[in-house]
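The structure appears right after this line, and notes come after that.
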Number of protein chains: 2
Amino acid sequence: MNEQFRGTVHREAISDQITDRVLSLIREQQLRPGDRLPPERELASLMGVSRATVREALRSLAMMNVIELRHGSGTYITSLEPQLLVENFDLVFSLNDNSFLELIEARQVIEPGATALAAKRITDEGIAVLDDVIVRSWHCLKTQPGDFPQLDIEFHAKTAEFSGNVLLMRIMQGLTQMSIASSHRTAVDEGAVSAARVERAILMHEGILDALKARDADLASQRMLKHLLAVEDTLRGAQTE
Amino acid sequence: MNEQFRGTVHREAISDQITDRVLSLIREQQLRPGDRLPPERELASLMGVSRATVREALRSLAMMNVIELRHGSGTYITSLEPQLLVENFDLVFSLNDNSFLELIEARQVIEPGATALAAKRITDEGIAVLDDVIVRSWHCLKTQPGDFPQLDIEFHAKTAEFSGNVLLMRIMQGLTQMSIASSHRTAVDEGAVSAARVERAILMHEGILDALKARDADLASQRMLKHLLAVEDTLRGAQTE
DNA sequence: AGTGTCCAAGTGATCTAACCAATTCCACCA
DNA sequence: TGGTGGAATTGGTTAGATCACTTGGACACT
């Protein structure tokens with residue numbers, strides 16, 4: 001016996017029911033990208049709840065990039081493209097305190113593979129983008145070597161982007177952001193941006209780009225790993241100075 | 001002149017500022033798993049905003065499983081485990097048929113490298129843990145083959161753990177967890193848990209573990225990649241059936 | 001002392017009723 | 001024709017109140 005006590009006592013919170021409802025409508029294609037939802041006031045009266053509750057649900061969906069709230073205009077379904085929906089994936093690994101040695105090690109595991117994929121998929125437009133980064137890097141070396149880290153990040157982020165894999169792209173972006181925060185904390189910047197080091201880094205970027213141009217996945221992957229090992233040496237050196 | 005008009009017109013919505021603030025506090029270790037946040041009323045007055053706005057932020061964080069709102073008790077930081085934080089990303093896989101291929105591709109990039117690290121760092125205790133997973137996998141095959149995916153996750157998650165890199169561990173555990181969610185969506189389960197396939201998977205796990213026991217990083221890495229390529233074939237096959 | 005009951009305080013959940021701010025669109029005028 | 005101003009629409013935010021759940025301590029009973 002005692003079956004009579006089965007079942008959950010806590011029903012789901014109202015605002016969670018609303019988010020589930022919207023997500024269901026999206027899955028059933030009753031709501032499609034670009035569609036506009038009814039105004040908040042209307043939704044509230046339709047469902048017999050307060051506007052505040054509706055807004056809690058809508059804001060949650062907006063944070064997941066499922067909908068977009070446009071002030072004065074309305075609520076719209078986003079494009080629902082994968083790169084949008086995984087935008088917050090970095091939460092999975094960025095909420096912890098990480099040493100930059102762990103960071104660089106993770107990049108050594110991920111970037112060579114991502115670069116190999118990029119070699120297979122990069123378009124001529126993509127190559128032009130990376131070429132431009134290199135050109136700007138040389139210019140930066142002559143004028144403001146201190147600004148190089150920004151271009152370094154851009155090169156790596158773009159390379160990850162051309163891997164054509166949105167998850168790898170997001171992971172790389174998250175890791176590079178953490179690298180920035182980490183280097184700011186450890187004051188590594190001064191050592192890493194000496195003109196000689198910047199020049200070596202640009203040369204290695206060029207080598208990687210050449211391999212990408214040749215669509216040589218193995219070579220590109222190898223060179224990216226070598227580059228990241230060099231970065232690790234630089235960081236280790238700066239750390240012990 | 002006209003400098004007076006500088007600056008961005010659209011500032012970030014207040015509730016988004018609050019979520020960012022909470023996430024920053026977590027990153028800075030000022031808030032840790034299990035910690036309790038101040039009551040909503042207090043947060044509102046501390047930040048000089050209304051309670052409704054605070055709640056929109058908190059509900060968004062709760063939807064991403066970063067915090068938990070306990071009615072009558074308070075607001076608490078969750079465990080922040082990767083398996084928990086990726087829960088809501090399954091929407092990507094139900095909306096886009098090809099996303100799970102990108103997922104397995106990302107795993108193919110990351111897991112071999114992480115496994116190589118594990119080969120260098122795994123302890124005898126770690127090996128015992130993986131041995132136990134294998135033993136339970138064989139037992140599962142004989143009794144409840146349908147429960148194998150859970151053990152599959154466990155093998156990969158533990159391997160990630162023994163890589164000794166928290167970042168890689170979390171990324172890998174998150175991706176592995178999502179694999180299960182995506183395979184549920186695509187109704188692959190039936191095909192994937194056939195006894196023959198389960199047996200093949202366990203044998204490959206054994207091969208990986210043997211390489212780890214030998215501390216052979218290259219071999220372990222190779223075998224992990226081969227295993228994931230096999231998983232991809234299984235998924236592709238199930239997709240077109 | 002141990003134990004169970006009950007109540008009050010604390011806290012999240014929801015509602016109501018405003019007003020502010022950005023967008024949209026149409027009527028009106030030049 | 002075309003711009004221009006203002007009203008209507010709609011999201012953003014606030015304030016205050018009430019409901020519902022949890023917690024812990026006071027109290028009575030054993």
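No hydrogens, no waters, no symmetry mates; every other heavy atom, side chains included, goes into these values. Residue numbers start from 1 in every chain, and the chains themselves are labelled A, B, ... in the order their sequence lines are given, proteins ahead of strands.
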- Task: Classify the side-chain pair Thr176(A)/Ser179(A) by whether it contains a donor and acceptor separated by less than 3.5 Å.
- Result: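 Judged by distance alone, the side chains do not pair up.
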
- Query: How do Gly72(A) and Gly74(B) order along DNA chain C: which one's closest nucleotide is nearer the 5' end?
  - Reply: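 It is Gly74(B) whose nearest nucleotide is closer to the 5' end.
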
Would you call [X] and [Y] a salt bridge, using N to O less than 4.0 angstrom?
X: Arg36(B); Y: Glu42(B); value: no
X: Arg55(B); Y: Glu40(B); value: yes
X: Glu154(A); Y: Arg136(A); value: yes
X: Arg70(B); Y: Glu68(B); value: yes

Separation of [X] atom [atom1] from [N] atom [atom2], in whole Å?
X: Tyr76(A); N: dA22(C); atom1: OH; atom2: P; value: 17 Å
X: Arg70(B); N: dA13(C); atom1: CZ; atom2: P; value: 12 Å
X: Leu58(A); N: dG11(D); atom1: CG; atom2: C1'; value: 10 Å

- Message: Treating Asp35(B) as the side-chain partner and Arg32(B) as the backbone partner, does any N or O pair qualify as donor plus acceptor under 3.5 Å?
- Response: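 Side chain of Asp35(B) to backbone of Arg32(B): a pair is present.
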
- Does any N or O in the side chain of Asn88(A) come within less than 3.5 Å of the main-chain N or O of Met63(A), such that one atom is a donor and the other an acceptor?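 Checking the backbone N and O of Met63(A) against the side chain of Asn88(A), a donor-acceptor pair under 3.5 Å is found.
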
N/O-N/O pairs, protein side and nucleotides 14-20 of chain C side, under 3.5 Å:
residue : atom : partner  : partner atom : Å
dT14(C) : OP1  : Ile14(A) : N            : 2.8
dC15(C) : OP2  : Ser50(A) : N            : 2.9
dC15(C) : OP2  : Ser50(A) : OG           : 3.2
dC15(C) : OP2  : Thr53(A) : OG1          : 2.7

- Message: I need the residues from residues 60-69 of chain B with at least one non-hydrogen atom less than 4.0 Å from DNA chain C; give them sorted by number, or say none.
- Response: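 Nucleic-acid contacts, sorted: Leu69(B).
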
- Query: Does a sphere of radius 6.0 Å around CD in Gln150(B) hold more than 12 heavy atoms from other residues, nucleotides or ligands, not counting ones at 6.0 Å or beyond?
  - Reply: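 No, because the 6.0 Å sphere around CD of Gln150(B) holds 12 heavy atoms or fewer from other groups.
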
